[in-house]
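What follows is a set of notes on a single structure, which appears directly below.
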Amino acid sequence: TLLYRLESYEEIVRDFEMSHDNTIIREHLGFLLVVAALCKIGNQGALSKLSELISSSQGSFPMKQTRSVCMYAWLAMKFENYGLAYDLINKCQHTALTDNVQLSILTDAGRLNDALLHLRMILNGRARYNNLSKKKINTFRINFETMKKLTDKVKNEGNENLTKDFVLLCQAFDSQAEVVDESLEEMVFTVTKMNFSRSATYKTSPKNKKNKINLHGIRDMA
């Protein structure tokens, strides 16, 4: 924990590799710290090491591995290895975090139709939940970085049908989702800050929210 706070990521990985039985560590919360350290190192060697530690099985990853797999997929995406990143995240059980990572992968890879389809499925799912629930509104928290990138790419594509599709999504967006002023990296590593840092845990406050993203450029095109 101290090494992580001091950003001594290489030492964390070295200690893990020198341990007599790192199989036990893999079942412990500390393994998440090792994965986070590799992602923070962020070179090709770290990506290769993650491929050894987190095997891409034929089936789905267990729920307890979701956060570490999201970190792995995040690093793969940074190397523009979108195929690997998508394969990893597609084997995770769906959570708000995996939805954010998957949406970012599709956007960065230029698969805009798939990105809009994925976003529509998310919003429809939240709408169905809200219609059945009388207790609270369950909105989808999406990071500003990804939403801004998706908006810009749709605008630059100059495809009338794609633009209209996006405008329709935006109409449902304000009631089913909220944009938070948080990068994808911050979202992926939030749990690491909570568990391995002295800093206060992340709390959503008014300044962290962007309830309505500026999409006037898109709407004006419709």
Side-chain angles (χ1 to χ4, degrees), residues 32 35-36 38-126 139-157 159 162-163 165-166 169-170 173 176-192 210 213 215 218:
L32 185 63
V35 174
L38 284 165
C39 289
K40 291 296 185 179
I41 293 171
N43 55 29
Q44 188 63 55
L47 185 65
S48 298
K49 186 65 179 178
L50 283 169
S51 69
E52 298 174 13
L53 298 180
I54 304 175
S55 58
S56 182
S57 60
Q58 296 298 318
S60 300
F61 289 106
M63 189 67 180
K64 64 181 180 179
Q65 280 192 280
T66 299
R67 181 70 62 166
S68 58
V69 175
C70 283
M71 291 178 179
Y72 182 12
W74 175 84
L75 185 59
M77 186 170 55
K78 292 301 176 183
F79 280 95
E80 299 183 359
N81 193 336
Y82 302 120
L84 172 61
Y86 185 82
D87 182 61
L88 288 167
I89 212 67
N90 204 39
K91 291 178 180 178
C92 289
Q93 297 182 42
H94 284 289
T95 66
L97 178 60
T98 62
D99 281 335
N100 269 275
V101 175
Q102 187 168 342
L103 187 60
S104 183
I105 292 168
L106 294 171
T107 300
D108 282 10
R111 295 171 53 181
L112 300 183
N113 284 306
D114 290 336
L116 296 191
L117 176 61
H118 184 59
L119 182 56
R120 184 184 298 107
M121 291 174 62
I122 295 169
L123 297 181
N124 288 344
R126 296 305 168 105
T139 57
F140 174 59
R141 294 175 65 252
I142 182 173
N143 68 90
F144 177 78
E145 174 188 56
T146 298
M147 195 63 193
K148 178 65 165 58
K149 193 179 297 183
L150 179 59
T151 302
D152 291 342
K153 287 201 172 190
V154 169
K155 287 175 62 176
N156 294 334
E157 191 73 14
N159 184 309
L162 189 68
T163 300
D165 193 18
F166 190 49
L169 278 176
C170 292
F173 193 87
Q176 307 299 341
E178 64 178 6
V179 181
V180 292
D181 191 9
E182 186 179 17
S183 69
L184 181 65
E185 180 177 358
E186 290 171 327
M187 188 172 280
V188 169
F189 288 89
T190 293
V191 73
T192 314
K210 291 182 179 292
I213 190 170
L215 302 175
I218 282 288

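Values reported hereafter were calculated over all heavy atoms of this structure, with side chains retained and with hydrogens, waters and symmetry mates removed.
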message: For A96 versus R126, what's the shortest heavy-atom pair and its separation?
response: CB-NH2, 4.1 Å
message: Give me the atom names and distance for the closest heavy-atom approach of F79 to Q44.
response: CZ-N, 3.4 Å
- prompt: Does some side-chain heavy atom of V69 sit less than 4.5 Å from a side-chain heavy atom of T66?
  reply: no
message: For E185, give me all partners under side-chain hydrogen bond (donor to acceptor under 3.5 Å, both in side chains), at least two apart in sequence or on another chain.
response: K40
- prompt: With under 30° as parallel and over 60° as perpendicular, where do the rings of H118 and H94 fit, or are they tilted in between?
  reply: tilted
field: Where R141 and E182 come nearest, the two heavy atoms and their spacing
entry: NH2-OE1, 3.3 Å
task: Supply the atom-to-atom distance K49 NZ to C39 SG, rounded to the nearest 0.5 angstrom.
output: 14.0 Å
message: Suppose we screen for salt bridge (Lys or Arg N to Asp or Glu O under 4.0 Å). Which residues come up paired with D108, at least two apart in sequence or across chains?
response: K149
- prompt: Hey, what do you get for CG (L103) to CG (D114), rounding to the nearest 0.5 Å?
  reply: 11.0 Å
field: Under 3.5 Å: donor-acceptor pair, side chain of S104, backbone of V101
entry: no
Spacing of K155 atom NZ and T151 atom OG1 [to the nearest 0.5 Å]: 8.0 Å
- request: Locate the shortest heavy-atom distance separating Q65 from S68; write the atom from each residue and the value.
  value: O-OG, 2.9 Å
statement: side-chain hydrogen bond (donor to acceptor under 3.5 Å, both in side chains) filter on N143, not counting sequence neighbours, yields N100, T146
statement: Nearest heavy-atom contact between A76 and L84 is CB-CD2, 3.9 Å
query: Do V35 and R67 have side-chain heavy atoms sitting under 4.5 Å apart?
result: no
- prompt: Within 45° of the ring axis of Y82 and under 6.0 Å from its six-membered ring centre, is that where the NZ or CZ of R111 lies?
  reply: no
- line: The reported gap from CG in D99 to CD1 in I122 (rounded to nearest 0.5 angstrom) is 4.0 Å
- prompt: If you measure from CE on M77 to CG on L88, what distance do you get to the nearest 0.5 Å?
  reply: 11.5 Å
message: Can you tell me how far apart CD1 (I54) and OH (Y72) are? Round to the nearest 0.5 Å.
response: 7.0 Å
task: Mind listing the closest non-hydrogen atom pair of M187 and I142 along with its distance?
output: CE-C, 4.5 Å
Residues that L162 engages under side chain to side chain contact (heavy atoms under 4.5 Å, CB included), provided they are two or more places apart: L112, N113, L116, V154, E157, N159
- request: Could you tell me whether the side chain of L38 reaches within less than 4.5 Å of the side chain of L53, counting heavy atoms only?
  value: yes
query: What pairs with D152 under side-chain hydrogen bond (donor to acceptor under 3.5 Å, both in side chains), at least two apart in sequence or on another chain?
result: K148
